[in-house]
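Each chain gets a letter, A, B and so on, in the order its sequence line appears, and its residues count up from 1.
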Amino acid sequence: MRIYNTLSKTKEEFVPVEPGQVKIYACGPTVYNYFHVGNARTFLFFDIVRTYLTYKGYQVKYIQNLTDIDDKLIQQSIDEDLPVNVIAEKYIEGFFTDIEALGLRKADDYPRATEYIIEMIELIRKLEKEGFAYNVNGDVYFSVASFNGYGKLSGKNLEELKAGARVEENPDKKHHADFTLWKSAKPGEPSWDSPWGKGRPGWHTECVVMSQKLLGDSIDIHCGAVDLIFPHHENEIAQAEAITGRQFVKYWMHGGFLNISGEKMSKSLQNFFLTRDILQKYDAEALRFFFLSKHYRSTIDFSEELIKEADRAVKSLYQALNEVDYSAFKNEKVTIPEEMEEFRQKFENAMEDDFNTAKAIAVIFELAKLTKINFLKTRDNYKASAFLLVELGSILGFFSNLDEKLATNLNDLSGKLIDLLLSCRTRLKQEKNWQLADLIRDDLNELGIQIKDTAEGTIWRLNR
RNA sequence: GGCGACAUCGCCAAGUGGUAAGGCAAGGGUCUGCAAAAUCCUCAUCCCCGGUUCGAAUCCGGGUGUCGCCUCCA
């Protein structure tokens with residue numbers, strides 16, 4: 001299994017710190033709003049990483065944090081005229097609603113920043129004591145010059161950062177790349193007591209503390225989107241490794257951005273899409289297909305047209321199962337013949353090459369095709385390939401509500417009524433009353449009931 | 001200004017030296033009373049120029065274009 005590591009800028013063989021176990025820390029949302037489709041892509045991808053590693057037999061511990069105190073939350077609390085903790089609760093609830101709608105599995109824990117204030121203060125004190133941090137009037141900064149190795153993740157050096165220049169000068173800082181560990185509170189802001197006075201922790205500290213507390217000093221995978229490489233993750237490394245002297249994270253994984261029509265999503269451009277709004281209009285698996293059809297590190301361009309296209313693609317996958325009447329044999333015990341395992345192998349090869357989901361999806365489609373061919377030609381092995389199709393597809397999160405989507409019976413009465421209508425239509429056809437027969441067909445179609453006139457007679461299916 | 005990424009069929013997208021996966025769309029055939037569905041078939045030499053090599057979409061150099069990071073951001 002090979003994973004691209006931002007730290008080395010290469011694909012590396014994946015070897016967990018402790019054999020058989022994988023510890024993953026995923027940067028979660030700052031809960032000042034419902035999350036957008038870009039967040040959704042990131043969250044969804046790391047859920048796939050977790051799911052795949054679990055499928056491979058690793059014992060995975062997966063943590064995703066919730067940032068529930070920070071400047072944006074404070075601003076939002078002013079905008080909505082609600083206390084910060086109420087804002088946080090509101091959007092945390094929204095977060096859980098939305099990830100469920102997206103079909104993500106729950107993380108093992110969702111630690112919140114405000115639950116770890118004491119631990120953060122403790123960390124900052126240690127940093128200060130050991131000369132990595134300094135206090136200026138109640139604001140505590142991390143001194144980047146004191147940590148040798150600063151910039152190793154993002155590939156920046158302190159000189160370049162200085163030359164960057166576009167940064168607002170803060171005369172309190174020794175080096176302008178120094179970042180805030182503890183921020184003193186202005187009147188009215190939520191705050192906690194600390195050795196430096198009332199204030200709140202800086203953003204970069206929470207992930208270090210929660211990662212170390214819940215997963216240990218050295219973990220396997222820490223992930224987020226590319227924008228977090230600098231400064232967020234760079235700053236995490238500095239704090240964590242300054243204290244422990246050990247490698248904080250073995251594999252840093254970063255997902256690519258999602259743009260809207262070639263442009264970065266931003267509120268000012270009015271091209272901002274909340275995940276919940278998109279899920280209102282489109283099927284969650286269509287969105288999932290859209291995300292996974294491109295490699296996770298590439299920038300992806302979002303448009304509703306592409307979601308519609310993805311929706312058609314997903315439907316054709318379901319259609320394959322419909323064709324072979326998967327519902328009728330889904331509870332049977334079927335063993336997958338040896339020669340069919342080559343598909344699993346191809347699928348795994350794709351996934352194990354830095355999670356090449358686009359390639360893995362191609363295998364899924366090949367399997368769908370094979371299933372139909374087996375069914376039509378030989379009637380052999382089609383059950384096995386259907387099972388394999390569902391198994392592998394499920395790893396990518398597809399086929400999550402098969403029963404609903406494959407349903408051929410509404411309920412007894414409705415089904416019988418449809419059958420009744422169809423037998424009338426058959427009679428009309430025999431009488432060559434095409435006009436009326438077609439009317440019934442078209443009207444049923446309007447209702448989402450698709451008629452198929454086959455050699456064996458007329459059958460119907462719910463159009464998904 | 002500094003650092004970096006990318007450019008493959010109408011659209012989306014794999015592919016990191018051995019002769020272009022997959023999806024969507026499109027066209028044609030079969031089936032059908034007509035349709036739909038299904039099914040079969042068709043559909044690219046990889047931004048440009050130069051180089052390395054027996055051989056390059058894949059490596060090197062130079063262009064052009066797009067994008068990202070350097071500031072809160074998934």
Side-chain angles (χ1 to χ4, degrees), chain A residues 9 11 26-30 32-33 35-46 67 70-72 75 151 154-157 159-168 176-177 203 223-232 234 254-259 262-267 275 289-290 292-295 297-301 303 305-317 319-320 322-323 346 350 353 356-366 368-369 372-373 375-377 429-430 432-435 437-438 441-442 444-445 450-455 459-461 463:
Chain A
K9 293 186 171 59
K11 286 183 199 172
C27 272
T30 300
Y32 71 106
N33 195 353
F35 65 82
H36 54 66
V37 283
N39 295 305
R41 181 194 188 191
T42 306
F43 298 159
L44 187 146
F45 177 69
F46 293 121
T67 301
D70 123 305
D71 291 355
K72 289 196 293 292
Q75 185 56 48
S154 55
K156 299 184 188 307
N157 63 55
E159 289 311 308
E160 280 169 7
L161 285 170
K162 211 170 260 173
R166 202 84 66 75
V167 194
E168 203 178 310
H176 89 266
W203 176 40
C223 47
V226 278
D227 55 328
L228 296 187
I229 295 172
F230 189 89
H232 186 52
E234 193 70 64
H254 292 97
F257 255 125
L258 177 142
N259 288 160
E263 286 178 308
K264 189 167 167 171
M265 185 160 34
S266 81
K267 283 180 178 164
T275 303
F289 186 95
F290 167 70
L292 298 180
S293 63
K294 189 158 181 174
H295 188 86
R297 281 189 284 115
S298 311
T299 302
I300 197 166
D301 202 47
S303 77
E305 207 36 64
L306 292 172
I307 302 297
K308 286 178 191 160
E309 192 178 287
D311 191 52
R312 285 191 288 267
V314 174
K315 282 200 179 113
S316 78
L317 246 23
Q319 191 53 38
N322 251 333
E323 280 305 311
K346 279 170 77 177
D353 182 15
N356 192 333
T357 52
K359 210 172 182 177
I361 284 176
V363 179
I364 301 283
F365 273 97
E366 284 172 19
K369 190 169 185 178
K372 289 190 284 190
I373 290 174
F375 180 76
L376 284 171
K377 298 255 164 79
K429 281 175 65 180
Q430 282 160 0
K432 298 205 193 304
N433 188 341
W434 310 125
Q435 207 178 2
D438 290 354
R441 180 179 70 200
D442 295 344
L444 283 174
N445 207 351
Q450 189 173 61
I451 304 304
K452 302 171 74 170
D453 289 325
T454 69
I459 57 172
W460 61 271
R461 288 196 195 283
N463 209 345

Could you work out the separation of [N] and [M] based on their [atom1] atoms and round it to a whole Å?
N: U8(B); M: C47(B); atom1: P; value: 6 Å
N: U71(B); M: A14(B); atom1: P; value: 30 Å
N: A13(B); M: C70(B); atom1: C1'; value: 31 Å
N: C48(B); M: C54(B); atom1: P; value: 24 Å
N: A74(B); M: G50(B); atom1: C1'; value: 41 Å
N: C9(B); M: G22(B); atom1: C1'; value: 13 Å
N: C60(B); M: G4(B); atom1: P; value: 14 Å
N: C46(B); M: G15(B); atom1: C1'; value: 10 Å

Whole-Å distance separating the [atom1] atom of [X] from the [atom2] atom of [N]:
X: D71(A); N: U71(B); atom1: CG; atom2: C1'; value: 13 Å
X: L292(A); N: A14(B); atom1: CG; atom2: P; value: 12 Å
X: H232(A); N: A74(B); atom1: NE2; atom2: P; value: 9 Å
X: D353(A); N: A21(B); atom1: CG; atom2: C1'; value: 14 Å
X: K72(A); N: A74(B); atom1: NZ; atom2: C1'; value: 11 Å
X: K294(A); N: C67(B); atom1: NZ; atom2: C1'; value: 11 Å
X: F230(A); N: A5(B); atom1: CZ; atom2: P; value: 18 Å
X: R312(A); N: G23(B); atom1: CZ; atom2: P; value: 14 Å

**Message:** Please determine whether a side-chain nitrogen or oxygen atom of S316(A) lies at a distance below 4.0 Å from atom OP1 or OP2 of C24(B).
**Reply:** yes

**Item:** Any K432(A) side-chain nitrogen or oxygen under 4.0 Å from OP1 or OP2 of G33(B)
**Value:** no

**Request:** Kindly say whether F290(A) contributes a backbone atom to a donor-acceptor pair with the side chain of R41(A) at under 3.5 angstrom?
**Result:** no

**Item:** Exam field: side chain T275(A) to backbone F35(A), donor-acceptor pair closer than 3.5 Å
**Value:** yes

**Request:** Could you say whether the aromatic ring of F43(A) and the base of A74(B) stack, counting only centre distances under 5.5 Å and plane angles under 30°?
**Result:** no

**Asked** Does atom NZ of K432(A) have more than 12 heavy-atom neighbours from other groups under 6.0 Å away?
**Response** no

**Prompt:** Just wondering, are more than 12 heavy atoms of other shown residues or ligands nearer than 6.0 Å to NZ in K369(A)?
**Reply:** no

State which of [options] makes the closest approach to the side chain of [X].
X: A313(A); options: C24(B), G33(B), C69(B); result: C24(B)
X: K359(A); options: C67(B), A14(B), C11(B); result: A14(B)
X: A362(A); options: C11(B), A74(B), G22(B); result: G22(B)

Using a heavy-atom cut-off of 4.0 Å across all strands, would you classify [X] as base, sugar-phosphate, or nothing?
X: G38(A); value: base
X: H36(A); value: base
X: S154(A); value: nothing
X: F365(A); value: sugar-phosphate

Any side-chain heavy-atom pair from [X] and [Y] closer than 4.5 angstrom?
X: Q435(A); Y: N433(A); answer: yes
X: F46(A); Y: C27(A); answer: no
X: T299(A); Y: V226(A); answer: no
X: K346(A); Y: E366(A); answer: yes

**Message:** Looking at K308(A) and D311(A), is there a salt bridge between them, counting it only when a charged N and a carboxylate O are closer than 4.0 Å?
**Reply:** no

**Message:** Please determine whether a side-chain nitrogen of the Lys or Arg among K359(A) and D353(A) lies less than 4.0 Å from a carboxylate oxygen of the Asp or Glu.
**Reply:** no

With both distances kept under 3.5 Å, what pairs with [N], Watson-Crick or G-U wobble?
N: C54(B); answer: G18(B)
N: C69(B); answer: G2(B)
N: U45(B); answer: none
N: U64(B); answer: A7(B)
N: A25(B); answer: none
N: U32(B); answer: none

**Prompt:** Between D438(A) and K346(A), who's closer to the 5' end of RNA chain B by nearest nucleotide?
**Reply:** K346(A)

**Fill in**
In 5'-to-3' order, the base (B), backbone-only (S) or no-contact (-) status of each nucleotide in nucleotides 35-43 of chain B, using a 4.0 angstrom heavy-atom cut-off, is BBSSS----

